[in-house]
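Structure first, then comments.
Naming: A, B, ... by sequence-line order, numbering from 1 per chain.
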Protein chains: 2
Amino acid sequence: MNVHIGVERSRVMPELDGGRQPSIRDVARLAGVSHQTVSRVLNDHPSIRPETKQRVIDAMGELKYRPNRAARTLVTSRSRTIGVLLATRGEYGPTSSIAAIEDAAREQGYWVTTANLPATTPEAIAEAVAHLREQDIEGLIVIAPQVRTFDVLAELALGVPVVSLQSAAGALRTEIADDQVTGARLATEHLISLGHREIVHLAGPRDWIEAESRMRGFLDAVNDADLMTHPPFLGDWTADFGYYAARELARRRDFTAVFAANDLMAIGLMHGFRDMGLDVPRAVSIVGFDDIPVARHVWPPLTTVHQDFRGAGRRTIALLLAEMGVDTGYADAPVAAHLEVRASSAPPIGAQVG
Amino acid sequence: MNVHIGVERSRVMPELDGGRQPSIRDVARLAGVSHQTVSRVLNDHPSIRPETKQRVIDAMGELKYRPNRAARTLVTSRSRTIGVLLATRGEYGPTSSIAAIEDAAREQGYWVTTANLPATTPEAIAEAVAHLREQDIEGLIVIAPQVRTFDVLAELALGVPVVSLQSAAGALRTEIADDQVTGARLATEHLISLGHREIVHLAGPRDWIEAESRMRGFLDAVNDADLMTHPPFLGDWTADFGYYAARELARRRDFTAVFAANDLMAIGLMHGFRDMGLDVPRAVSIVGFDDIPVARHVWPPLTTVHQDFRGAGRRTIALLLAEMGVDTGYADAPVAAHLEVRASSAPPIGAQVG
DNA sequence: GCGCCGCATGTGAACGTGCACATCGGAGTC
DNA sequence: GACTCCGATGTGCACGTTCACATGCGGCGC
């Protein structure tokens, strides 16, 4: 890590007054027009003679003019900036979505500024929101999948459109996106169709929106099949927890399959079961959720629910921009979650496959 | 994914003129002082009576006054914004570093705005930089580990300090950070000390700074031990490529160990070797680089070089802010990379361990 | 008692842009 | 030929903040 590319401010310019950046007035003077004409060129005003326009553009080029965003924002009170509130810790999914969000925003001439949540306490959220708000954001995208985040956000009443990457938000006007639920249902039904009757769900933390959706999908499938339900095991998304959970679960042996709410926990589970002498998938079948890039390469390759993170990011930003009155023209249909069946799931020992 | 938290602009306020946001003049009027006094309160000017200050603060509270950043930026020409140029695709390492960067920047009162690189073509880089530059960034952090990125950047001469998260940058004033090199050396020496004499390096793509550093560390160690060097195998960082590489390598069988330039490729390698009937670590030892969270949970648990990404992020931003004349008080000593020895590496068959 | 200094505060201008309105000239209409 | 209308451009101000400078006032030294 190191530094390079020096600071070089002063270059040999046509005529710069006091060493300051050229303004539209400087451009106007050079082009022999008024500053307003320059402004019109900048904003693609219709009634302006092509010849005049060209002269202005040439002048801009000669002076290396760059519009001053602060001045523009001051007068229009449009910052063209979107805030992103993040409560993730480098998980694969959200990261991919953020890239898509940033791409689309940039394409529409918006800037994206981010604020990380060190914790999901109301204070931390308020602090991060205050930081973004100071930036005069025109919209906010929340990638902070804890339900409580939205409660806090609702109270802050920040006066700009808010969209969440996640499916639902308890306290608020809500239309459950069913990707998560149906994905979880698919995973569970897959295990059931293999012949499993005793399935444990290793869920995400209480209060996480995705955790709840996936748990609901699991419970729906289990109930529909009239199976006994084990109480879900609550985890924290990490592979380390999966490992720990496996050691706990291995003592019980009252199940033949585990549906983990994400791939990391699933991978940790496989590791833990292996250490406890339980073979996957012969003794225990495991299904994950997310289809992170390594999922297909671990041993055994992980059966998991594939999600389209990038598409989710695109839809989120499209929704936000629409809410802000910007027409993006994007109309991605949500790519339905689907199951990637690999080797970590198999019929239970002695089961006749349906 | 959905929307919530409505837009609610107009609230019952003391006296708002034309429905616009309160300015320092409104606050001044309410507090019975001049606008300049309000400005002084905002900027913690020393000579101001505590009593006056309190009156101003109360007025601010009553009006729910929030400073207008655009106006401030306009007059000070300090945007307090740092740009981050990203050429990663959700890899674990950089993501962790970004969070650290954002945290530290926020702590210092700076905003972070990001631009993703869809490709590393000069055009894409120029476009992303133009976008950031329009935002009047005061500094730039580059997380785009391709050498060519820096060449393009150097040409753009953007007039603000630039710092890279990565170690080195070919075309520029350079002090090689030795973390990467020594980390790779550690990994290689570990294999050598186990008794391996024929070691293949699965490198990152040509032109990537980290790829080069890690390759150098590998070559240094191999040369110091007077071993024959196989030409490195160039990969693309993905687990999929690792899988492919394993199938290619398995045909040769002229080696007993592979040092992969990152964990994803290492995990793909293990998968590929397994499919080709080669046991890891009995037939082939594998060492990775990064210590991503799943590394300890795959089978066999991966021996790898642990990096402190968060620390790297902190050091990067400290460096940039220092370059910008901001004293952060941060003085993190770089945490040296170290080797996590796990089960994917073992002595070659028939080797007497030294 | 006078002048000086420094604290606390006020006054006016400036930053660079967009908006509302004014102006000017030429084409079209009767 | 006078009037209207519209396209093309100019003039002045406003946005909300900070900066440079001015002002008033009390205390202190001689």
(request) Look only at the side chain of T81(A) and the backbone of V112(A), and say whether a donor-acceptor pair between them is shorter than 3.5 Å. (result) no

(message) Less than 4.0 angstrom between a side-chain N/O of R69(A) and OP1 or OP2 of dT17(C), yes or no?
(response) no

(request) May I have the distance from Q21(A) (atom CD) to dG16(C) (atom P), rounded to whole angstrom? (result) 9 Å

(request) Starting from C1' on dT18(D), measure out to CG on D44(B) and report it in whole angstrom. (result) 15 Å

(message) Classify I24(B) by what it touches in the nucleic acid, base, sugar-phosphate, or nothing, heavy-atom distance under 4.0 Å.
(response) base

(message) Return a single string for nucleotides 22-27 of chain C, one symbol per nucleotide in 5' to 3' order, where B is base contact, S is sugar-phosphate-only contact and - is none, cutoff 4.0 angstrom on heavy atoms.
(response) ------

(request) Over all heavy atoms of both residues, which pair between E138(B) and P161(B) is shortest? Give the atoms and the distance, please. (result) O-CD, 3.4 Å

(message) By nearest atom, which of the nucleotides dT9(D), dG16(C), dT11(C) is closest to the S23(A) side chain?
(response) dG16(C)

(request) Can you tell me the distance, in whole Å, between the CZ atom of R72(B) and the C1' atom of dT18(D)? (result) 9 Å

(request) Report the distance from atom NE2 of H35(B) to atom P of dT9(C), rounded to the nearest whole Å. (result) 15 Å

(request) Could you pick out which residue, P46(B) or A71(B), lies toward the 5' side of DNA chain C when each is mapped onto its nearest nucleotide? (result) P46(B)

(request) Would you mind reading off the distance between R29(A) atom CZ and dG10(D) atom P, rounded to a whole angstrom? (result) 14 Å

(message) On the side chain of R25(A), is there an atom forming a donor-acceptor pair with the base of dT17(C) - under 3.5 Å, no angle test?
(response) yes

(request) Among residues two or more places apart or on two chains, list those pairs meeting ring-ring contact (aromatic ring centres under 6.0 Å, His included) that have a residue in residues 96-147 of chain A. (result) W111(A)-H131(B), H131(A)-W111(B)

(request) Report yes if a side-chain nitrogen or oxygen of S47(A) is closer than 4.0 Å to either non-bridging phosphate oxygen (OP1 or OP2) of dG7(D); otherwise report no. (result) no

(message) Assess whether a salt bridge exists between D26(B) and R29(B), defined as any Lys/Arg side-chain N lying under 4.0 Å from an Asp/Glu carboxylate O.
(response) yes

(message) Please confirm whether the shortest side-chain N or O distance from T76(B) to OP1 or OP2 of dT17(D) is below 4.0 Å.
(response) no

(request) Provide the closest heavy-atom pair for L63(B) versus P22(B) in the form atom of the first, atom of the second, distance. (result) O-CG, 3.4 Å

(message) I need the minimum non-hydrogen distance between L74(B) and A70(A), along with the two atoms involved.
(response) N-CB, 3.7 Å

(request) Describe the nucleic acid contact of S39(B) in one word from base, sugar-phosphate, nothing, applying a heavy-atom distance below 4.0 Å. (result) base

(request) Please work out if T52(A) contacts a base, only the sugar-phosphate, or nothing of the nucleic acid, heavy-atom cut-off 4.0 Å. (result) sugar-phosphate

(message) Reading DNA chain D from 5' onward, which residue's closest nucleotide shows up sooner: P50(A) or Q36(A)?
(response) P50(A)

(request) Could you tell me the separation between the CZ atom of R78(A) and the P atom of dG16(D), rounded to a whole number of Å? (result) 17 Å

(request) Taking all non-hydrogen atoms of both residues into account, name the closest pair between R66(A) and Q21(A) and its distance. (result) NH2-NE2, 4.1 Å

(request) Name the nucleic acid region contacted by I48(A), choosing base, sugar-phosphate or nothing; use a 4.0 angstrom heavy-atom cut-off, strictly under. (result) sugar-phosphate

(request) State which of dA8(C), dG10(D), dT17(C) makes the closest approach to the side chain of V75(A). (result) dT17(C)

(message) If you compare every side-chain N and O of N43(B) against the phosphate oxygens of dT18(D) (OP1, OP2), does one of them come in below 4.0 Å?
(response) yes

(message) How many whole angstroms separate atom NE2 of H45(A) from atom C1' of dT9(D)?
(response) 10 Å

(request) Measure from the side-chain N and O atoms of R315(B) to the backbone N and O of L165(B), and report whether any donor-acceptor pair falls under 3.5 Å. (result) no

(request) Would you mind reading off the distance between K53(B) atom NZ and dT9(C) atom P, rounded to a whole angstrom? (result) 11 Å

